[in-house]
Amino acid sequence: MLALLVILLSCTFFPGVIVKTKALFSGRKGPGIFQPWIDIVRLLKKGSVYSTVSSYVFQTGASVYLASVLVAALFVPFDQHTALISFPGDFVMFAYLLGLGRFFLIISALDVSSGFEGMGANREAFYSMLAEPAFFILMGSLAMFTGYTSFNEIFINLHYQDYFSIIIAIIAAFVLGNLTLVETSRLPIDDPLTHLELTMVHEVMVLDHSGIDLGLIKIANNIKFVLFSTLSANCFIPQTWSLGMQIAVYLIAQAGFAVGIGYFESFRARNKMAMNAQYILSISAISMILIFVIIILNNKI
Amino acid sequence: MINFVIILFIITLIYLSKVEMVKSYYPLMGLQGLLLFGLALLELHEVDALQLAFILLETLIFKAIFVPLFLLRITRGKIHRHQNSPVKGYYAVFIALVIIVLSFITSHEMHDEFLDVKYFTAATSSILIGLFIAINNRDLVTHLIAYLVIENGIFLLSLALGSELPMFVNAAILLDIFTSVLIMGIFFNKLKDYFQNTDISQLSQLKD
Amino acid sequence: MSLLFNTSLLLSFALFFVPKRMKYLVTLLLQVLLIVSTGTWALDALMGSEVVIVPLGISTWSGEIIMTIDKLSAFFILLLDFVCFAGVLYAGGYLRTSIAKKRDVIISLHFFSLLWLNASMVLVTAMGDGLSFLLAWELMSLTSFILVIFEGQKETTLRTGINYLLQMHLGFALIMFGFLVVKDATGEMSFQALGPYFATHSNTIVFLIFFAGFGIKAGFIPLHTWLPKAHPAAPSHVSGIMSGVMIKMGIYGILRVTSFLSADQELIGSIVLSVGIVSGLVGVILAIMQHDLKRLLAYHSVENIGIIGIGIGMSILGMANQDPALAVLGMAGALLHCVNHALFKSLLFFTTGNIYHATGTVNMDELGGLVHHARATSLAFLVGAIAISGIPPFNGFISEFLIYNGIVVNFTHATFAMSLAGLASLVSLVLIGGLCVYCFTKAFGLTFLGSRRSFHPVTYHRIPWIMIFPLVLLGLAITLIGFFPRLIVEPLAGALTAFGNLEAQSPALLSTSSALQAIGLTNLVFVVAMVVVSSLRAWQQARVVRATGPTWGCGYSAGDFRHQYTPTSYASSLLEVVEPAVVYRKDYPSIAEADIFPEKRSFRTHTSDRVEQSVVITIIDLLIKYLPMAGRAQTGYIHHYLLYPVVFMIVIVLLTHFNYI
């Protein structure tokens with residue numbers, strides 16, 4: 001329960017911090033920290049326009065996306081504080097629940113009979129297919145290292161067995177951080193602020209969503225962002241600290257991550273579309289190295 | 001700590017294999033030099049002054065600072081991208097990964113008590129990836145970088161074997177590369193003026 | 001019960017004599033009799049503790065034919081009865097127009113074969129004796145051949161059917177050879193004889209012979225080439241049954257042989273695993289490249305067989321390494337995936353039948369926007385698509401979860417080699433899952449969503465309820481397994497007892513069963529979340545203005561259906577990455593410089609299977625090149641022909657004389 005609360009809490013400022021950082025780096029004053037959420041609330045109040053060719057798939061797509069991300073949020077623990085749902089192998093279900101949301105988002109993009117949205121759907125399906133092995137190899141290697149197979153137990157046992165766990169935590173956080181960028185369509189995979197449809201990935205897929213549907217998708221994206229950043233934060237926060245301290249450190253870490261993304265996005269150009277595949281593959285490659293490190297450790301060579 | 005440095009070294013190898021802009025090689029090469037310096041310091045417990053000086057010269061000064069800066073200087077504004085390499089980026093990463101996996105399996109299967117698996121994996125994959133980069137690119141500068149990667153691998157191999165003799169081998173290779181960097185630096189501009197690019201397949205047309 | 005079974009089979013001959021419009025009802029009735037009798041045996045075997053033995057009262061020269069139904073057989077019998085029932089039910093709607101048009105005897109033969117296919121598959125799973133097993137196996141191949149060539153007036157269908165028949169006989173020959181090797185060593189020709197044989201002889205070669213023989217039926221790469229040809233040619237209900245359960249008979253055979261293995265399991269496991277990985281990945285990649293919906297589904301059968309192969313392979317490796325958790329979970333995952341694949345694949349094939357019925361085509365290049373004309377069918381296809389992609393809340397996820405869980409649990413204490421095997425299968429399972437999403441968003445999106453890819457106004461036929469009802473039945477089963485996965489644990493544990501060295505009640509399966517409960521619960525939570533979100537959305541929608549308008553064309557106002565993605569363009573981004581598996585060809589006359597007024601030209605892309613091209617076609621080309629040499633023996637003189645048997649007899653006599661035979 002605590003895990004869910006802190007996740008929702010950091011959701012409130014996470015997108016705002018990114019926007020603010022980017023504004024500051026480009027020399028603007030920028031909107032307030034909570035502006036993204038104010039925008040979402042405004043979207044939720046608006047009416048919507050539906051394409052004449054769209055069907056029930058389009059009507060339910062955004063809701064399924066949000067629902068699946070919400071349920072996936074129940075799987076993520078906060079440090080040693082258990083998540084609401086936890087069982088051996090739960091990370092498989094976590095990943096596949098996100099897959100369910102993605103499936104519906106893709107088919108609702110195909111529902112409006114537009115070449116542009118088809119393009120976005122195609123790219124999303126392709127990149128997420130490439131990115132999934134990285135997550136599974138990472139969790140598999142953590143399972144190999146800790147000897148447990150659920151998020152909770154993995155993160156409880158990851159900490160401070162010896163200095164190896166720090167190395168592994170650093171690489172895990174690196175992989176998770178990169179995965180966050182892929183899963184939530186940020187730079188360098190996709191530029192959320194681009195204006196040309198041909199160069200978009202996620203944005204072009206939700207081009208026809210308006211009003212509440214767009215709002216739901218944006219909410220789900222924000223939560224998804226925080227889910228991954230919470231996973232990487234979990235690699236670091238010590239369990240021996242008091243609860244207040246942990247939450248404080250967690251929130252600072254989240255804000256720091258958001259600032260980092262803002263900084264990164266201010267100075268980095270988007271990848272060429274053709275480069276994306278190898279960018280994502282190299283994430284998998286790095287998590288593959290992690291698993292070999294752990295194999296060496298386990299065999300005590 | 002040593003493990004961490006080796007892991008970082010292997011990660012740089014993956015990034016090296018997928019480089020597209022030639023200028024992105026230089027920071028990676030610099031990082032590799034630094035990592036090797038760190039490794040050498042951590043690994044050699046008792047060093048005399050001569051050895052220390054050599055290692056400092058080789059890793060820190062030569063590999064981490066001199067070569068990247070020198071190459072950056074002579075190529076600045078001249079070449080940007082590879083000319084069409086036969087293996088595209090996606091497969092390049094994949095091949096690098098396969099090389100790492102294979103060298104890991106081989107070194108694991110060797111069961112040699114004088115051999116350190118960590119170093120040996122990093123060393124073989126570095127040598128093989130260096131060769132792969134050289135095979136895959138036709139650019140003169142990239143070839144030089146590939147030889148540097150191979151040299152890094154040989155340096156690691158000497159650490160893997162843990163004996164002192166390879167230091168001489170190292171010195172020899174170092175001298176080779178040092179010379180080649182210098183010579184290339186001198187001739188680079190002339191070649192560039194002559195051929196308009198630095199594709200090595202045109203070197204065969206050179207006549208005196 | 002055996003009376004009921006025999007009666008229904010005997011009565012099936014009456015199908016040839018009843019009036020045309022009654023044939024379907026009679027078939028359904030006989031099928032119910034068949035299912036009741038075989039289902040009762042299967043349930044007895046599964047619930048009880050003993051093997052059910054049924055003498056059929058028929059004898060061959062090797063003795064009386066006796067059905068021995070243990071829990072593994074019972075598991076498969078229940079599965080195939082259910083799917084065959086749904087298939088026959090569906091046939092009533094699908095064949096309605098054909099029944100009116102076709103000749104009496106063709107219809108009779110079709111229904112007759114449908115019944116006998118069901119019966120022969122039951123027999124295949126229940127025969128322990130080698131000879132009767134082979135008879136049942138042959139019966140299965142023949143009846144399915146007749147079913148495939150239902151549209152035999154088309155030449156391509158007939159050719160495909162003959163191709164299928166030939167490949168099946170290749171498999172038959174291999175299986176028979178395997179049995180003969182065993183008989184030669186032990187003097188007995190049965191599955192039971194494999195036990196003593198494997199205990200004293202090398203396991204690998206005989207296993208591989210059986211694996212190849214059964215693998216042709218199952219469709220492992222590179223033995224899969226009949227699948228993508230036969231399925232599009234066969235009527236949809238036949239494809240559903242064949243892809244759903246008949247190819248599982250190959251898996252059954254492999255499992256049966258596996259259960260007797262006693263040595264070399266490391267090697268055998270790695271072979272099965274690597275064949276599984278290749279089949280899974282190549283199958284799904286080729287599926288993505290298809291335009292024809294039925295070919296796409298056929299390649300997905302290859303992929304799912306690959307997943308089953310990964311499960312079996314990991315399980316055998318688990319047995320070799322004394323890791324009961326991996327052995328149990330891998331095998332349970334493979335078995336459950338057999339069930340799941342049977343359910344969703346037949347569902348998908350039946351919906352394809354509906355699409356064909358409604359539009360007259362299953363080519364995705366000409367489809368689109370069907371959701372507005374076939375709502376129920378689209379829902380069924382969506383359920384099947386989600387299930388086959390292994391996504392919760394449906395059943396496909398459960399079996400993949402079991403395999404994943406086995407791999408990950410094994411990771412926690414794996415040896416070096418096992419970590420590598422686990423890593424390989426983990427990565428390939430994940431990739432298969434991702435590619436499946438890619439493929440089924442394409443299949444669903446391009447077929448049902450968007451707008452119809454056609455220049456002319458098209459008419460749609462209404463889909464009768466009898467073509468919807470079987471879909472509901474299968475959909476319910478899919479949902480049931482998805483939401484209450486614990487129900488399946490008990491039968492699975494039973495089926496696992498066939499593997500002597502798998503302690504079915506091992507802690508692994510029990511702990512997984514609590515995880516399965518949690519998964520079911522999570523699925524319910526998802527439904528609740530879904531209900532909450534959508535009711536909030538509905539509440540909001542009732543209060544705001546909802547407008548409809550054309551799709552936003554990004555400023556381009558003359559867009560029409562041609563702007564949509566096509567099967568080829570959707571697959572193109574993947575094509576760059578998977579070049580090694582696919583041969584891609586573009587037929588397009590390029591515009592020459594002199595063509596100032598280019599005339600109308602066509603554009604066509606073609607992808608084909610590189611495995612088939614490089615392995616199968618090469619071998620066939622070699623055969624075509626060298627076999628004519630044998631033709632020299634055909635001289636045309638009768639006394640030459642008489643000479644051959646004389647030479648043959650002399651050789652035989654000589655060989656016997658020197659004790660070579």
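Predicted model only: the values in this text are computed from it and were never measured. Here is the naming used below: chain letters follow the sequence lines, and residue numbers restart at 1 for every chain.
- When the candidates L429(C), L536(C), V430(C) are compared by the number of heavy-atom contacts under 4.5 Å with chain A, V430(C) comes out ahead.
- A distance-only check finds a donor-acceptor pair linking the side chain of N276(A) to the backbone of I189(A) [under 3.5 Å].
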Next on the checklist: ring pair (Phe, Tyr, Trp, His ring centres under 6.0 Å), that's the test. Do F103(A) and F440(C) meet it? Break it down for me.
Outcome noted: CA-CA 9 Å; F103(A) 190 98; F440(C) 272 91; 8.1 Å; no

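- Note on I85(A), D213(A), T60(A): by heavy-atom pairs under 4.5 Å with chain C, the leading option is D213(A).
- Looking at V408(C), both its backbone and its side chain come within 4.5 Å of chain A, counting heavy atoms on both sides.
- Interface residue F444(C): only side-chain heavy atoms are found under 4.5 Å from chain A.
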Item to check | Verdict with supporting geometry, Y96(A) and F397(C), ring pair (Phe, Tyr, Trp, His ring centres under 6.0 Å) | outcome: CA-CA 8 Å; Y96(A) 273 86; F397(C) 175 69; 5.6 Å; yes

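- The residue among V531(C), V409(C), L521(C), L435(C) with the most heavy atom pairs within less than 4.5 Å of chain A is L435(C).
- Most heavy-atom pairs under 4.5 Å with chain A, from the set R546(C), Q540(C), R375(C): that is Q540(C).
- Both the backbone and the side chain of L574(C) come within contact range of chain A, each with at least one heavy atom under 4.5 Å from a heavy atom of that chain.
- Using modelled atom types, one finds a donor on one side chain and an acceptor on the other under 3.5 Å when comparing N221(A) with Y65(A).
- Residue V57(A) touches chain C through its side chain alone, counting heavy-atom pairs closer than 4.5 Å.
- For Q517(C), no part lies under 4.5 angstrom from a heavy atom of chain A.
- One finds the CG atom of N222(A) at 12.0 Å from the CD1 atom of I217(A) (value rounded to the nearest 0.5 Å).
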Checklist entry - Between F75(A) and F151(A), is a ring pair (Phe, Tyr, Trp, His ring centres under 6.0 Å) present by the stated rule, with each step listed? => result CA-CA 8 Å; F75(A) 282 79; F151(A) 269 143; 7.5 Å; no

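- For Y570(C), the parts lying near chain A are the backbone and the side chain together; criterion is any non-hydrogen pair under 4.5 Å.
- Annotation for A3(A) and V76(A): closest pair CB-O, 3.4 Å, computed over non-hydrogen atoms.
- If you measure heavy-atom distances from I407(C) to chain A, you find no contacts under 4.5 Å at all.
- Of all heavy-atom pairs spanning I223(A) and A73(A), the tightest one is CG2-CB, 4.3 Å.
- For L426(C), the part lying near chain A is the side chain, with the backbone staying farther off; criterion is any non-hydrogen pair under 4.5 Å.
- With a 4.5 angstrom heavy-atom cutoff, L74(A) touches chain C only via side-chain atoms.
- Considering only heavy-atom pairs separated by less than 4.5 Å from chain C, the leading option among D111(A), T52(A), V204(A) is D111(A).
- For a residue to count as touching a neighbouring chain, one of its non-hydrogen atoms must lie under 4.5 Å from one of that chain's; by this rule I137(A) touches chain C with backbone and side chain alike.
- Among all heavy-atom pairs drawn from M144(A) and I295(A), the shortest one is SD-CG1, 3.8 Å.
- In terms of non-hydrogen atom pairs under 4.5 Å with chain C, the most contact-rich of V53(A), L100(A), V71(A) is L100(A).
- With sequence neighbours excluded, no residue satisfies salt bridge (charged side-chain N to carboxylate O under 4.0 Å, His left out) with R453(C).
- In terms of heavy atoms, P485(C) sits closest to G520(C) at CD-CA, 3.9 Å.
- Counting heavy-atom pairs under 4.5 Å between each of Y148(A), F116(A), F292(A), F58(A) and chain C puts F116(A) at the top.
- Here the closest non-hydrogen pair linking S378(C) and V371(C) is OG-CG2, 3.6 Å.
- Interface summary for chain A: among G368(C), G434(C), A529(C), P392(C), the most heavy-atom pairs under 4.5 angstrom belong to P392(C).
- Residue contact with chain A, scored on non-hydrogen atoms closer than 4.5 Å, involves the backbone and the side chain of S389(C) alike.
- Between P77(A) and F155(A), the closest heavy-atom pair is CG-CD1, 3.9 Å.
- Interface remark: of the candidates S55(A), S54(A), G215(A), S55(A) forms the most heavy-atom pairs closer than 4.5 Å to chain C.
- Proximity to chain A (any heavy atom under 4.5 Å) is restricted, for V577(C), to the side chain, taken from C-beta onward.
- A donor-acceptor pair under 3.5 Å links the side-chain atoms of N340(C) to the main chain of N395(C), judged by distance alone.
- Interface summary for chain A: among M530(C), E400(C), R543(C), the most heavy-atom pairs under 4.5 angstrom belong to M530(C).
- Looking at H413(C), there are no atoms closer than 4.5 Å to chain A (heavy atoms on both sides), in backbone or side chain.
- L97(A) touches chain C through backbone and side chain together, each having a heavy atom under 4.5 Å away.
- At a 4.5 Å heavy-atom cutoff, L84(A) makes no contact with chain C through either its backbone or its side chain.
- Counting heavy-atom pairs under 4.5 Å between each of M139(A), K45(A), E124(A), R102(A) and chain C puts K45(A) at the top.
- Using a 3.5 Å distance cut-off with no hydrogens or angles, the side chains of T82(A) and N152(A) do not pair a donor with an acceptor.
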